[in-house]
Structures are given as structure tokens and as C-alpha cells.
Amino acid sequence: MSKDKILLTGVGSYLPKNKTSNHDLAKYIDTSDEWITKRTGIKFRHFVANNEYTSDLGTNAAKLAILNAGLKPIDIDIIIVATTTPDNTFPSTASKIQKNLGCSAISFDVQAVCAGFIYGMTVGISMLKDGHGKKCLVIGADSMSKILDWNDRSTAVLFGDGAGAIILEKEKVKTKFCENDDWGILASKIYTNGNFYDILNTDGGVSKSKSIGFLRMNGKEVFRHAVEKLSSSLLICLEECNKDISQVDWLIPHQANQRILDAVSNKVKLNPNKVISTIADHGNTSAASIPLALDVATKRGKVKNGNVLALQAIGGGLSWGSLILKVGKPI
Ligand code: COA
């Protein structure tokens, strides 16, 4: 006997070459390494070059994820790109990446800002279950530096650029492995509350002002919502797949602020050593932060076959969500 499972089979990531420290930023904005480190945990972030686009970051990450899964680009049936900073207003950045990869997958973008990767994975999982294909590439890619206002030091120091990608595959798993256990994606919950539209947004947009605008944020409000909503969605997800927090091997959260990561692990009673943090080296890379952190954890040999991973993110919308998966194949 066999069961259909959605498995994570590959991961890859890419960071642009320009690595900028807090000390570098302090040369041209009124800030300090001490303030940024103490309030956020961030030490470095990477920035795209002038001629480097979100699609370039995404393509590089995608190639590595495809290779890591032992596949070729032509094997991919669906490409979903989570991004807030597309190359062009249209077509989708996913179309550009499809062209770069040289395949014919169904390709489109999802926009849920920093929660985009959880949204993209959830959409991809549903499409695989509904028979739109067997292999789905989910990419989180953002060039947040393009929408930062360098006169607003409370937001400009938080963000960076990058991309991460994963492969999800629908596979028949022999019951020898899954008879008494669950493998692959176990639960996913995504939420939106538009009442908080104004606490994290841009002050421009195509239909509003024919400009892209700058990122604006009420940091304290976002912080409060982040801790509460990330904690509750994680616990709901665990309940849905009959697991408790002690069964989570790694929490791989959106990397917004080390203090948010600490507050969430404290609230859900998860050992902080089980939280993957890349915030010091990457800053907040929006939709890219989860797959970037997953790739770092994998390369460090932390993620093992059979591990239960919890992924979670929150961003503008407000949009947020959590996802639980059990690694069913070595990645
Ligand atoms: N460097 C130095 N000082 C700064 C600064 C910077 N980059 N940014 C702000 N400050 C100053 C403020 O002007 C303020 O000074 P004042 O007390 O003289 O008025 C002081 O630091 C405190 O600012 P405040 O905004 O109260 O800090 P905070 O403790 O709330 O931290 C954030 C600010 C943005 C780090 C924090 O609110 C946060 O991380 N929020 C969540 C943001 C987030 O994760 N968003 C993305 C979600 S996807």
C-alpha cells in the first residue's frame, strides 16, 4: 500500500555580493552598531547591485534547489514566487524565472509580503494535491532595499535582499515509512486581517500614486502582533496534526527581529536552541527569510531526515501563518 505525500525534497538560497555591516550603515545614517544589535540582533545584510533584480536572486536560488533535489528545470510543473519587489509591475517575476530556467511550468507570483513564503507553500501544496503537477518550486525573493527610505532610520536598518527556494514533490510513499507516522507536510494555516493594513505598508503603489512608494511601519504595533499571532498560529497548526511543541525539532521562523524570535519561543515554551536564527547575517529579507534560514540550517547539518520543522511568518496585511512538516527525504 502507498499514500500520496507532499515532501520537501530540495532547498537552495542566494545572497547578493554586497554585504553591509551596521558600522557601514552608521557612516551615512544616524544609527549605531550598538542600537541595531541591541534592538534587533542584526549585524549584516546584503544588498543587490544596481543591475541585479529580484528575478536574478530567485533564479540563482531556484537552480540550487533544483540541483539539490536531483532534478532538472524541465521537471518542474509549477513555479510560485513570493515577492513584494517584482522586477516589473507585470508580468510576474515567476514568468521571468521560468524563462531563465528554460522550462514550461505554470508560473505566477503571490504577494503576502514577509508572510509570502508560507502563503506560497500553502498554495503550492493545494495545487499538488489537486493534480496540477507533481513538482513545485516555491521561491521567496525580495529586493527590499529598493523600497527603503534612507531618511527613516527605524526601518532602513532592518531589511536586506536575498532569495531562497524549495522543491515540493507529490510522491507515493511506501507505508513501510508512513504506516504509523506522518511524513511531509502535516499542517498549514494562513491568516489575513486587513484592519491592520496601515501599520506596515508602502506609502505608494500603482493605482494610488503611480509610484512604488517607501516602506512605512509602526514598529511597536507590528512587534506586538507578531509575537501574539506567530505563537497562536503555531500552536493551532501543531494541534491540527496532533503534535505538541516538544515534538518540534526546529522552528524556522521569518527573520524580523531576534527579540520577536525570543518572545515567541518563550511564549510557546520551545527551547530557544531549537530556533534557527540567521537574523544577524541576513537582516529581514521578507519572503526570502524562511528558505534562506532553512538552507543555512541544512548546510550546517542541523536538519535531519525525520525531523519535524515548524515554519512561520508575519508581514504586511497583516498576513501571517505557520506550517508543520516532517522531513521525509534527506535534503
Ligand atoms: N538607530 C538609532 N536610534 C534609533 C533607530 C536607529 N536605527 N531607530 C529608532 N531609533 C531611536 C528612536 O528615534 C527612539 O528615540 P527616542 O527615544 O529618542 O525617541 C528610540 O530609538 C526608540 O525607538 P523605538 O521605535 O521605540 O524602538 P523599539 O524598541 O520599538 O525598536 C524596532 C524599533 C523597529 C526595532 C522594533 O519596534 C521592531 O523590531 N518592531 C517590529 C518590526 C518588524 O519586525 N517588522 C517587520 C515585520 S515583517
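Every number for a ligand or one of its atoms is a count from 1 in the order of the listing.
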- For the residue pair His282 and His46, does the interplanar ring angle fall in the parallel (under 30°), tilted (30 to 60°) or perpendicular (over 60°) class? perpendicular

- Side-chain donor-acceptor pair present, Asp87, Ser55, cut-off under 3.5 Å: yes

Would you mind listing each N/O atom of ligand 1 next to any protein N/O under 3.5 Å, plus the distance?
| unit_1 | atom_1 | unit_2 | atom_2 | d |
| --- | --- | --- | --- | --- |
| ligand 1 | 1 (N) | Thr31 | OG1 | 2.7 |
| ligand 1 | 3 (N) | Trp35 | NE1 | 3.3 |
| ligand 1 | 7 (N) | Thr31 | OG1 | 3.1 |
| ligand 1 | 7 (N) | Arg153 | O | 3.0 |
| ligand 1 | 13 (O) | Arg153 | NH2 | 3.0 |
| ligand 1 | 21 (O) | Trp35 | NE1 | 3.1 |
| ligand 1 | 26 (O) | Lys220 | NZ | 2.6 |
| ligand 1 | 27 (O) | Arg39 | NH1 | 3.2 |
| ligand 1 | 29 (O) | Arg39 | NH1 | 2.6 |
| ligand 1 | 30 (O) | Lys220 | NZ | 3.2 |
| ligand 1 | 37 (O) | Gly219 | O | 3.3 |
| ligand 1 | 39 (O) | Asn257 | ND2 | 2.6 |
| ligand 1 | 40 (N) | Gly219 | O | 2.9 |

- Message: Do the side chains of Asp77 and Lys134 get close enough for a salt bridge, i.e. N-O under 4.0 angstrom?
- Response: no

- Query: Does Lys135 come within less than 4.0 Å of Glu169, counting only side-chain N to carboxylate O?
  - Reply: yes

- Kindly indicate whether the side chain of Cys136, heavy atoms from C-beta on, has any atom under 4.5 Å from the side chain of Ile167. no

- Message: If hydrophobic clusters are built by linking Ile, Leu, Val, Met, Phe, Trp and Tyr wherever their side-chain heavy atoms come under 4.5 Å apart, do Val327 and Ile324 end up in the same one?
- Response: no

